[in-house]
Amino acid sequence: MNQALLRILLLTVLRAFARNETINPAIADEQLLWVGGEIGEVHTYRIPLLTFTTQGSLLAFAEARKLSYKDIGAKFIALRRSTDRGATWSPTSFIVDDGSLEDGLNLGSVVVDEETGAVIVIYSLCFHRYHCKPSNTMMVQSLDDGFTWSAPRNLNPQLGLMSFVPGPGFGIQKRHPPAVGRLVVCGHGSIAGDGLFCILSDDHGNTWRYGAELKSIPYKQHKNNLDFEPDECQPVELDDGSIVINVRNNKNYHCRCRMVVRSLDGGESLPVEELVFDHTLEDPAVAAGALEKEGVLYFTNPASTNSRVNLTLRWSVNRGKSWVKDTLKIWAGPSGYSCMTSLKGNETVDHKYIYVIYEKGQKDSIESVSFVKINLYSNQ
Ligand SMILES: *[C@@H]1O[C@H](CO)[C@@H](O)[C@H](O)[C@H]1NC(C)=O
Ligand SMILES: *[C@@H]1O[C@H](CO)[C@@H](O)[C@H](O)[C@H]1NC(C)=O
Ligand SMILES: *[C@@H]1O[C@H](CO)[C@@H](O)[C@H](O)[C@H]1NC(C)=O
């Protein structure tokens, strides 16, 4: 055994003895980042995304729906930044404005390129093709830690014309072979090509192409209840280099629970053999959060088969084969979409905390967007 390996082993053993490493999560802090209302420019904030930058800043994004709560309609992309791991936040800035489109922008995925430090946001315009066509897959990026943003770039000339809403959540950059450094952004299509698919970039977001696809059944046809319709999704990379995608089972095919599908080739394919239904992860058909941190898989959703309430954190220590019986209920009331992040840093605080952003309300889940800091080792 070489010395470096021995040192890592010793450190790990010492750390485990020094404190109780059993995961026992608890809420350490919670703040509302956005509240909708008829006052001001924004009717409703929805579809929250959360990421760390390479410089350790936290960025929170949401759709700011100008005139109504609906998925169609004109919007901004709202951003708030935190440089102290979520203790304080900048005022809201609007980094994209779609004007007054009838079928405006929809978020979206945020992906951070660890090599260039670029923060890339991918979203759609005219996804529903309501009084417009074709739909467009759009990208903006920041090269200065989220301060300033590029003009929107239309990716259709590179990609093609498929309707595509990424995420909602984060995209990944491959850390382990195959395809180290590749950006992988997964999402879903509309009726013209519905199902789950990913777009890939091997040059830090300069060029994009279509990658893996998991088609709906019946493909390109209207769906009935109980049909197979993989929808909004969150990919995470495991340390074996596989990409595990946690998917909204939109029409409750087979179960009222999450679908999980894996790509073994860096997002080029999603074989049906790699598709499972996770009956523990019961779900009301919603966008959920997933995160891998230090070998543990985390999952957030409104844990219910029929309504968006009870936003719950679960964790798995065996790559999602099973989930620990304990759960953390983050909010028992109305709650919807969620997204998680953590910092892969060297400091104790980075080992200790994960961060969740979610739709939260008293009567309705889309009243506000809330940020939660979770202490994973509250028993120490
Ligand atoms: C570690 O914490 C867990 C959860 O709080 C507890 O069940 C367990 O007994 C603790 N173990 C030790 C060795 O203190
Ligand atoms: C939410 O959680 C509570 C307590 O765990 C449970 O009694 C209730 O049935 C849950 N609600 C739904 C809609 O699943
Ligand atoms: C963590 O430590 C390693 C080795 O000491 C160093 O190379 C790396 O830059 C550090 N990472 C961060 C995020 O500080």
Side-chain angles (χ1 to χ4, degrees), residues 22-36 44-48 50 69-71 168-169 223-234 246-260 276-291 296-318 320-340 353-379:
T22 308
I23 295 171
N24 187 36
I27 292 177
D29 185 27
E30 174 153 17
Q31 295 181 43
L32 291 185
L33 292 188
W34 288 292
V35 181
T44 300
Y45 289 94
R46 278 210 62 191
I47 328 291
L50 191 64
Y69 65 87
K70 291 181 178 159
D71 292 344
K223 298 295 183 294
N224 295 329
N225 194 25
L226 307 182
D227 281 346
F228 180 68
E229 187 176 35
D231 198 79
E232 295 167 318
C233 61
Q234 176 61 66
N246 194 295
V247 189
R248 171 175 174 164
N249 181 1
N250 206 34
K251 297 295 181 194
N252 301 311
Y253 176 81
H254 190 68
C255 64
R256 287 177 177 266
C257 69
R258 306 294 295 180
M259 304 185 198
V260 180
V276 296
F277 294 82
D278 192 329
H279 292 268
T280 306
L281 304 183
E282 55 177 27
D283 191 68
V286 72
L291 181 73
V296 180
L297 208 53
Y298 296 90
F299 175 78
T300 48
N301 79 336
S304 161
T305 54
N306 51 29
S307 58
R308 293 183 180 181
V309 298
N310 281 347
L311 193 89
T312 300
L313 174 72
R314 293 180 192 276
W315 56 100
S316 167
V317 293
N318 57 11
K321 275 198 202 75
S322 65
W323 299 87
V324 173
K325 279 222 161 46
D326 292 339
T327 62
L328 172 67
K329 194 174 287 191
I330 294 174
W331 177 243
S335 38
Y337 286 27
S338 58
C339 180
M340 277 183 278
Y353 296 105
I354 61 172
Y355 304 85
V356 182
I357 194 168
Y358 71 102
E359 296 173 345
K360 174 181 187 175
Q362 302 291 336
K363 293 196 179 121
D364 192 336
S365 64
I366 65 174
E367 289 162 15
S368 65
V369 168
S370 188
F371 166 80
V372 187
K373 175 177 169 180
I374 290 174
N375 180 355
L376 296 174
Y377 304 100
S378 64
N379 49 328

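Counting starts at 1 for both ligands and their atoms, in listed order. What's counted below: heavy atoms across the whole structure, side chains too, no hydrogens, waters or symmetry copies.
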Taking salt bridge (charged side-chain N to carboxylate O under 4.0 Å, His left out) as the test, write out the residues that go with K223, two or more places apart.
-> D194

d(I374 CD1, I354 CD1) to nearest 0.5 Å is 5.0 Å

Just so I know, are the side chains of [X] and [Y] near enough to count as touching, which here means a heavy-atom distance under 4.5 Å?
| X | Y | value |
| --- | --- | --- |
| F228 | H254 | no |
| E359 | P48 | yes |
| N249 | C255 | yes |

Please tabulate, line by line, the atom pairs linking an N/O of ligand 2 to a protein N/O at a distance below 3.5 Å, with the distance in Å to 0.1, or answer 'none'.
from	atom 1	to	atom 2	distance (Å)
ligand 2	2 (O)	N310	OD1	3.3
ligand 2	2 (O)	N310	ND2	2.3
ligand 2	2 (O)	K329	NZ	2.6
ligand 2	5 (O)	K329	NZ	2.8
ligand 2	11 (N)	N310	ND2	3.0

Write down the atom of E229, the atom of N250, and the distance for their closest heavy-atom approach.
-> OE1-ND2, 3.0 Å

